[in-house]
Every structure is written in structure tokens, then in C-alpha cells.
Amino acid sequence: MKYIIRGARILGGEAADVLVREGVIAEVGSGLDAAGAQVVDAEGLVALPGLVDLHTHLREPGREDAETVESGTKAAAMGGYTAVHAMANTEPVADTAGVVEQVWRLGREAGYCDVQPVGAVTRGIAGEQLAELGAMADSAARVRVFSDDGHCVSDAVIMRRALEYVKAFGGVVAQHAQEPRLTEGAQMNEGEMSAALGLRGWPAVAEEAIIARDVLLAQHVGSRLHVCHVSTAGSVEILRWAKSKGCPVTAEVTPHHLLLNDARAVTYDPIFKVNPPLRTADDVTALRHALADGTIDCVATDHAPHPVEAKETEWAVAAMGMIGLETALPVVQEAMVETGLLDWAGVADRMSAAPARIGRLSGQGRPLETGSPANITLYDPSPRGTVDPTAMTSKSRNTPFAGLELPGRVVATFLRGKPTVLEGKLQ
């Protein structure tokens with residue numbers, strides 16, 4: 001199929017037509033025409049490169065009650081994503097070539113977006129022995145990102161060895177920065193709110209201490225480190241210092257950490273229980289400015305689906321995590337674009353180009369220009385609507401934005417020229 005996307009504002013700029021043919025952008029200009037092409041009316045819509053998520057939990061294999069590769073990638077397409085990185089904390093853990101290839105093939109079969117598996121750093125994400133990093137890198141899945149997300153690689157020797165190992169094939173270790181001894185039994189951010197609610201606090205230093213150690217290790221080894229879901233102002237300052245010294249470190253922030261703070265916990269509603277926890281309003285401000293100035297490189301959803309029974313229970317025993325693929329772009333618009341901190345070109349960088357670069361996805365995150373793969377998101381920033389969990393595509397409903405009014409909607413998503421979403425509906 002050929003498509004002419006008519007009158008889209010590329011990166012929020014002047015309107016232009018985009019001709020899509022044989023999976024690539026064949027031409028960009030005005031008044032384009034092509035025999036037999038299907039016209040997509042994009043007047044008033046912002047055209048972005050297909051979004052890329054570095055941090056998605058698809059739960060398959062093992063927890064298909066919460067999400068599957070198919071349902072998760074459908075949700076990703078509805079959110080404007082053309083590629084996601086599937087985290088390794090599945091059952092069994094993605095710590096062998098066989099498991100990562102299974103996830104990769106499930107993504108190809110589903111066809112809604114590219115699924116790039118993330119390999120575990122350690123066997124069983126137990127933090128004791130390195131996993132089969134080389135075998136996963138050489139597998140059909142070509143794994144380049146490794147993470148024990150959900151668990152910190154707290155042993156400095158193992159972290160150093162992992163950094164040394166992945167350096168050989170241009171990989172990156174993505175660290176879940178959480179000093180385990182400082183967070184035993186922790187329930188929410190440590191501060192005035194945790195004291196008032198009587199919930200055990202999760203100190204910011206538990207995140208910051210690991211980041212400080214790991215940027216020094218990465219600098220010593222000369223290998224790439226990526227910091228998952230940064231949540232504190234102190235972490236931002238450490239990252240800023242590390243980058244000023246030339247350390248090969250990148251970092252991500254989640255949409256929920258850009259918009260919500262620990263005051264949400266006052267209701268004891270476990271929908272707001274997440275790892276790392278929602279922090280203070282001052283932390284939210286610091287994270288927004290760090291994303292704007294490039295100290296934090298990208299937005300990653302940490303999409304963490306859970307079945308109803310895991311969330312609709314008392315706070316202390318509830319699962320940690322929030323879904324986020326379908327609301328990420330509206331949240332970023334609210335937190336970053338509406339506040340003047342980013343323009344749409346900046347959004348394209350933080351939600352497409354930068355994560356594709358970090359994850360080594362050469363066919364994703366490319367500029368919307370002639371010859372690029374036709375991975376395109378068409379987004380209408382104008383409408384505002386209330387988030388309705390029952391209308392979501394994910395199998396799970398644990399969104400912290402339920403009932404919140406947010407701007408914008410994804411109108412269409414193209415994966416290599418094939419529409420996965422048109423007129424706001426899955427294809």
C-alpha cells in the first residue's frame with residue numbers, strides 16, 4: 001500500500017505531505033500525489049517519528065494474566081510506539097538465548113511494533129552470577145540492553161564485570177538503582193508524607209548511592225551505563241556531574257515521575273504504589289528541567305501491568321507498578337510541552353531518537369525525511385479528555401491517571417509503512 005499523509009505538521013512545524021511507499025518515506029513536500037495512494041487527512045496533526053520505549057514489561061512468558069506480547073504491543077501502538085524494549089523479569093527470566101528469542105519471535109508474530117528483548121544481567125535476576133550475556137547478544141534477538149530491572153545489581157564486582165563484558169559488543173547495562181539494605185520494607189518516598197501516613201520510607205539516597213557508584217564504575221571501565229527510572233533531584237545532580245566528566249552514562253525518566261508526586265499516597269490507594277516511589281514536588285520539578293536540558297536523555301514508560309487482585313488490596317501487600325504506554329505522550333505534553341520546557345522536536349528526540357540510539361535500534365528514531373523507514377506517529381494535541389481505564393487496550397487497568405484530564409490523542413501509527421492504528425483505532 002501507498003499512503004499520502006496530507007498536511008501533517010512535521011515535529012510541530014509547517015504543514016507538509018508525506019508519501020509512504022514500500023515501507024519507507026518516499027517524499028516529503030507539498031501537493032504530493034501518487035496513483036493508487038490512500039490519503040490520510042492529517043491537517044492539524046503533529047507528525048513524530050514512531051515512539052520508542054526503552055522500558056516495557058510485557059509479562060510474557062509466565063504472567064499472561066497481566067499482559068502478553070500481543071496485548072502489550074497493541075497498547076504500545078495505540079500510544080504511538082513503533083518499538084519497545086521488553087524487560088527481562090518474566091517467568092522464566094530472560095537470561096538465556098532461548099527465552100529472548102521466544103519474546104522476539106512473539107513480537108514479530110504480533111506485528112504491532114518491534115519488540116526488542118532486554119536480557120537479564122544475572123542468572124534469575126538473583127544478582128549472584130552473570131547471565132549468558134554473549135549468547136543473548138549473538139542470538140536472533142541481537143540483545144544489546146541488559147537489566148535486572150525490579151532488582152538492583154547491588155554487588156559492585158558483578159556490576160563491574162557486566163560493564164566489562166558488554167563493552168565487547170557495544171551493549172549497555174541498564175541499572176535499577178536501589179540499594180537493597182536501605183529500602184527493606186519500604187513503601188513510599190521517605191519524607192514528611194511517609195511520616196504522616198505511617199508508611200516506611202524509601203530514602204532518596206538509596207537511589208543516589210547506586211548511581212554514584214555505577215557512574216564511577218562505568219567511567220573506570222569505559223563502558224556504557226544506562227540509569228532506569230530516575231526519580232530524585234539528587235540523582236539529577238550526580239548525572240549532571242558524571243556527564244560533565246565525560247562518563248558514558250544515559251538516563252530515563254517515567255511519565256508518572258514527571259507528573260505525580262508523593263502527595264497522591266494520602267488516599268492509601270495502591271494505584272500510586274510504584275518502584276521507585278513517587279517523590280516530592282521539588283523532585284518532579286528537577287526531573288522536568290533535567291529532561292529539558294538533556295541531563296536525562298529520554299522518557300521511558302516502565303509500563304508495569306498487574307491483574308486487578310494485585311492492586312485492589314491493602315497498600316502494604318499491593319504490587320508495585322503502573323501501566324503507561326497509552327498515556328505517555330499526553331502526559332509528556334502536559335508536563336513538558338504545555339509548560340514550555342520542550343517543543344515537539346524535543347519530544348521527538350526524548351521519546352524516539354534518543355531511546356533508539358541508546359538501545360541500538362538503527363531502523364527506529366529516524367528523522368521524517370526521504371529514505372527513512374516509515375515509522376510515523378500522528379498526534380492531535382488539541383483535545384482534552386478524561387483518562388478511562390476501561391477504554392485501554394492493555395490487559396491491565398492499573399493506571400495512576402484514571403479520572404485525570406489530559407491533552408491530546410494518537411490518531412495514527414505507522415510501522416514501516418503499515419498502519420497499526422488509523423483514526424484512533426487498531427488495524
Side-chain angles (χ1 to χ4, degrees), residues 49-58 69 73 76 81-90 93-108 113-123 125 130-150 153 158-177 214-215 217-218 221-229 247-252 297-303 349-366 373 375 416:
L51 306 185
V52 177
D53 192 16
L54 270 175
H55 195 145
T56 306
H57 297 274
L58 295 178
V69 171
T73 53
Y81 286 89
T82 53
V84 298
H85 289 73
M87 279 294 173
N89 57 341
T90 49
V93 171
D95 58 1
T96 65
V99 179
V100 297
E101 286 184 351
Q102 177 189 359
V103 174
W104 177 72
R105 289 194 173 95
L106 286 169
R108 287 171 65 88
C113 71
D114 289 343
V115 175
Q116 180 58 45
V118 173
V121 177
T122 66
R123 294 182 185 178
I125 58 173
L130 286 184
E132 299 177 6
L133 308 184
M136 289 187 281
D138 291 339
S139 72
R142 305 294 295 171
V143 176
R144 289 298 180 269
V145 182
F146 298 87
S147 181
D148 279 2
D149 184 63
V153 182
I158 290 178
M159 186 63 180
R160 174 181 175 172
R161 288 175 179 164
L163 287 165
E164 290 171 336
Y165 202 117
V166 303
K167 184 179 178 182
F169 47 79
V172 60
V173 178
Q175 176 69 292
H176 174 115
D214 286 353
V215 295
L217 284 174
V221 173
S223 184
R224 293 198 302 143
L225 168 71
H226 179 73
V227 183
C228 297
H229 41 49
C247 180
V249 60
T250 55
E252 69 190 36
D297 300 81
C298 65
V299 175
T301 68
D302 195 7
H303 176 81
D349 177 75
R350 307 307 194 273
M351 297 187 76
S352 183
R357 183 173 62 251
I358 294 166
R360 296 291 197 258
L361 298 184
S362 59
Q364 297 282 349
R366 300 274 294 278
N375 298 318
R416 286 183 292 279

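One-based numbering along the sequence shown. Just so it is clear, the values below take in all heavy atoms, side chains as well, and ignore hydrogens, waters and symmetry mates.
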Could you tell me which residues satisfy side chain to side chain donor-acceptor pair (under 3.5 Å) with [X], sequence neighbours excluded, listed by chain and number?
{"X": "Thr82", "answer": "Gln364"}
{"X": "Arg416", "answer": "Asp114"}
{"X": "Thr250", "answer": "His226"}

Please identify each residue that fulfils salt bridge (charged side-chain N to carboxylate O under 4.0 Å, His left out) with [X], with sequence neighbours left out.
{"X": "Arg105", "value": "Glu101"}
{"X": "Asp302", "value": "none"}
{"X": "Glu132", "value": "none"}

Output all residues satisfying ring-ring contact (aromatic ring centres under 6.0 Å, His included) with His229, sequence neighbours left out; order by chain, then residue number. His55, His176

Anything under 3.5 Å between a donor and an acceptor, one on a side chain of residues 135-144, the other on a protein residue two or more places apart or in another chain? List them.
| unit_1 | atom_1 | unit_2 | atom_2 | d |
| --- | --- | --- | --- | --- |
| Ser139 | OG | Met136 | O | 2.8 |
| Ser139 | OG | Ala141 | N | 3.2 |
| Arg144 | NE | Phe169 | O | 3.3 |
| Arg144 | NH1 | Ala137 | O | 3.1 |

Once side chain to side chain contact (heavy atoms under 4.5 Å, CB included) is applied, do any residues pair with [X], and if so which ones, sequence neighbours excluded?
{"X": "Thr301", "result": "Asp53, Thr56, Tyr81, His303, Leu325, Ala328"}
{"X": "Thr122", "result": "Asp148, Ile158"}
{"X": "Arg160", "result": "Glu164, Leu217, His220, Val221"}
{"X": "Ala353", "result": "Asp349"}

Asn375 side chain to Arg366 main-chain N or O, any donor-acceptor pair under 3.5 Å?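 Checked: no pair found.
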
